[in-house]
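Read through the structure below, which is laid out as structure tokens, and then see the notes.
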Amino acid sequence: MSREDASPNGTHLPAPPLGSRLVKILVIGSGAREHALVRCLLRDPGVNAVIAAPGNAGIAADVPVYDVQPTDGAAVAHLAKHLSVDLVIIGPEAPLVAGVADVVRARGIACFGPSAAAAQLEGSKAYAKEVMLAAGVPTARALVCVSSVEVEAGLDELGAPYVVKDDGLAAGKGVVVTQDRSVALAHARACLDAGSLVVLEEYLDGPEVSLFAITDGVNVVPLQPAQDFKRAGDGDTGPNTGGMGAYSPLPWAPADLVEETMRTVLQPTVDEMRTRGAPFAGLLYAGLALTSRGMRVVEFNARFGDPETQVVLARLDSSLADLLMGAATGTLADVPDPVWSADAAVTVVIAAQGYPEAPVTGGVITGLAEADALSGVDVLHAGTRTGTGTGTDSGSDSGTFVASGGRVLSVVGRAATLAGARERAYAGVAHIDLPGSHHRSDIAAGR
Ligand code: AMP
Ligand code: GLY
């Protein structure tokens, strides 16, 4: 896809100033978040080449892809060196926690993503709590437990609703929120049996907001707030998922939300990490709850959120590469503040049958090109591959797109209003068919 083609919404940035440097970028990961990063970079006049690894079928239709395991630091660094890229962007958390950014930097290549030490903000909930306590960041009261006896005492101390978390990375499956003490205890025991610590938390009420900030370890630049929909079903019913949709901006959010989060959460956390000798450079994702007693951090992540990135980047009208390069090279102070479109963006995730418990893969997806061609609609791929599918209507040629994961697609709509963006996203969804698939019909409804 050419840079012109890559712009989903007809927003073309001005040409780069004469003599400015064009960069070549390698994006690591294979979800719709990475597809959004790739498309945003393709419409960035400061970028002259984008490559991805391992990508997915949709990413491969836009840019060259290489089959590299994201958690294999030596392989990622080797590919980056071989391609002579100027910057590596690491999308998912697992490679960050595994230290892939450290390996890439050790080869002398700029990398957007925190060190393994700093990624512990996401990799260990107990560590994140310790940092928040030291930095005075508002968050739920928590107890770290190493045994069932401690868990039982902790549950009684904190009371219902019970919030029980696996300390480590659990791909969205580590948290149980329940009124049922036996369910809470069973989850805690399963975590302990698997060798993890258990973090019990005070229950936080109120709406949740995701706020991302780009940082070079000293300077912090907030992006725009977004909200995601974690439950599988309409009306926030059903099991927790990786995220079924998102929208931005948040018309109902307090006007000083970004400023307050910068002052009480983002800057103090970045400062605390630097003081500890684990400077955090990359994307700091604050999951916030706006409770009746004020704003609290629910969790930190050490990377772009999925699907919020799809809507946040749809609204970015200035260079993403400049921000990420500034963060990766300690020069964020020299990068102009991001410019945001007044437009709204909504994304709806299309998930495979059985997601999140047992996704059915192999279904043939149709209608993608028609949806992507709609004005104000961008079809981003997550779990897709090309090839032959299963079932009676299996495709047989390599141009056929087939579901290969739980979250299959993230359809983004953009328009002047949230209602308009929502209409665009669902117009895109209506063109797409994947047998047995499901999506929420209430993303950004009534906002
Ligand atoms: P986490 O993986 O920590 O983001 O948790 C996943 C989801 O569980 C969050 O988005 C919340 O919806 C819910 N959750 C986590 N911690 C709490 C809490 N202390 N109180 C209420 N809900 C929570
Ligand atoms: N949207 C939730 C996450 O990225 O973890």
Side-chain angles (χ1 to χ4, degrees), residues 29 31-34 36-37 90-94 96-97 119 121-129 132 137-144 154-155 158-179 184 187 191 196 198-212 223 225-232 236-248 283-313 347-349 351 356 382 406-407 410 440 443:
R33 162 184 56 207
E34 285 76 22
L37 286 163
I90 299 181
E93 61 274 21
L96 294 168
V97 170
L121 266 189
E122 174 166 3
S124 166
K125 292 184 189 294
Y127 177 81
K129 284 288 175 188
M132 284 189 261
V137 169
T139 186
R141 194 171 149 235
L143 300 169
V144 181
L155 292 175
L158 293 172
Y162 303 106
V163 181
V164 183
K165 301 187 176 187
D166 190 321
D167 178 58
L169 289 186
K173 296 190 179 121
V175 179
V176 164
V177 181
T178 177
Q179 292 282 351
H187 180 61
C191 297
S196 290
V198 168
V199 179
L200 304 181
E201 280 187 10
E202 160 200 15
Y203 178 78
L204 300 175
D205 61 359
E208 289 180 42
V209 172
S210 302
L211 183 62
F212 303 161
L223 305 187
Q227 189 172 47
D228 80 344
F229 291 71
K230 290 206 163 83
R231 300 293 191 120
D236 292 331
T237 55
N240 255 318
T241 70
M244 294 298 289
Y247 67 98
S248 176
L283 189 133
L284 181 57
Y285 166 145
L288 307 167
L290 308 188
T291 78
S292 46
R293 289 177 297 141
M295 185 236 284
R296 302 279 187 277
V297 173
V298 178
E299 62 164 345
F300 280 134
N301 291 318
R303 37 87 195 161
F304 280 99
D306 188 345
E308 299 97 311
T309 298
Q310 289 88 303
V311 289
V312 171
L313 294 186
T347 190
V348 177
V349 169
R407 289 192 292 177
S410 185
R440 281 185 62 161
I443 305 299

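Just follow the structure's listing: the first ligand is 1, and inside any ligand the first atom is 1. Every heavy atom of this structure was used, including side-chain atoms; hydrogens, water molecules and symmetry mates were not.
With a 4.0 Å cut-off on non-hydrogen atoms, E202 touches ligand 1 through its backbone and not its side chain. With a 4.0 Å heavy-atom cut-off, ligand 2 is reached by no atom of R33.
Every atom of ligand 2 is numbered from 1 in the order shown, and the set under 4.0 Å from a heavy atom of N301 is 5 (O). Near E208, with a cut-off below 4.0 Å to any heavy atom, the atoms of ligand 1 are 9 (C), 10 (O), 11 (C), 12 (O). In the vicinity of K230, heavy-atom distances shorter than 4.0 Å reach the ligand 1 atoms 10 (O). Close approach to D228 involves these atoms of ligand 2, each under 4.0 Å from a residue heavy atom: 1 (N), 2 (C). Within ligand 1, counting atoms from 1 as listed, the ones closer than 4.0 Å to a heavy atom of K165 are 3 (O), 15 (C), 16 (N).
Residue R296 places no heavy atom under 4.0 Å from ligand 1. Residue contacts with ligand 2: G305 is included, with a non-hydrogen atom under 4.0 Å away.
Remark: the backbone N or O of N301 is not paired with any side-chain donor or acceptor of E93 at under 3.5 angstrom. In this structure a side-chain-to-backbone donor-acceptor pair under 3.5 Å is present from D166 to G168. Counting only distance, with no hydrogens or angles, the side chain of H187 and the backbone of G174 share a donor-acceptor pair below 3.5 Å. At distances below 3.5 Å, at least one donor-acceptor pair connects side-chain atoms of R33 with backbone N or O atoms of F304.
Using modelled atom types and a 3.5 Å distance limit, the side chains of D167 and S196 yield no donor-acceptor pair.
Cation-pi contact between R303 and Y285: present, with separation from the ring centre below 6.0 Å and deviation from the ring axis of at most 45°.
Residues Q179 and P161 come closest through the heavy atom pair NE2-CG, 3.6 Å. A pairwise comparison of heavy atoms in P356 and N240 identifies CG-O, 3.6 Å as the closest pair.
Protein heavy atom closest to atom 2 (C) of ligand 2, with residue, atom name and distance, is Y285 OH, 3.2 Å.
For ligand 1, the polar-atom distance check finds no N/O of Y203 at less than 3.5 Å from any of the ligand's N/O atoms. Of the polar atoms of L204, at least one N or O is found under 3.5 Å from an N or O of ligand 1, judged by distance alone. Ligand 2 has a nitrogen or oxygen under 3.5 angstrom from a nitrogen or oxygen of R303. Checked by distance only, ligand 2 and D306 come closer than 3.5 Å through their nitrogen or oxygen atoms.
The side-chain heavy atoms of E201 and R141, taken from C-beta on, include no pair separated by under 4.5 Å.
The option from E201, R231, K125, E299 that lies nearest to atom 4 (O) of ligand 1, judged by heavy atoms, is E299. If you check each of V164, V298, L200 against atom 14 (N) of ligand 1, the one with the closest non-hydrogen atom is V298.
One finds a salt bridge joining R407 and D306 here, because a Lys/Arg side-chain nitrogen approaches an Asp/Glu carboxylate oxygen to under 4.0 Å.
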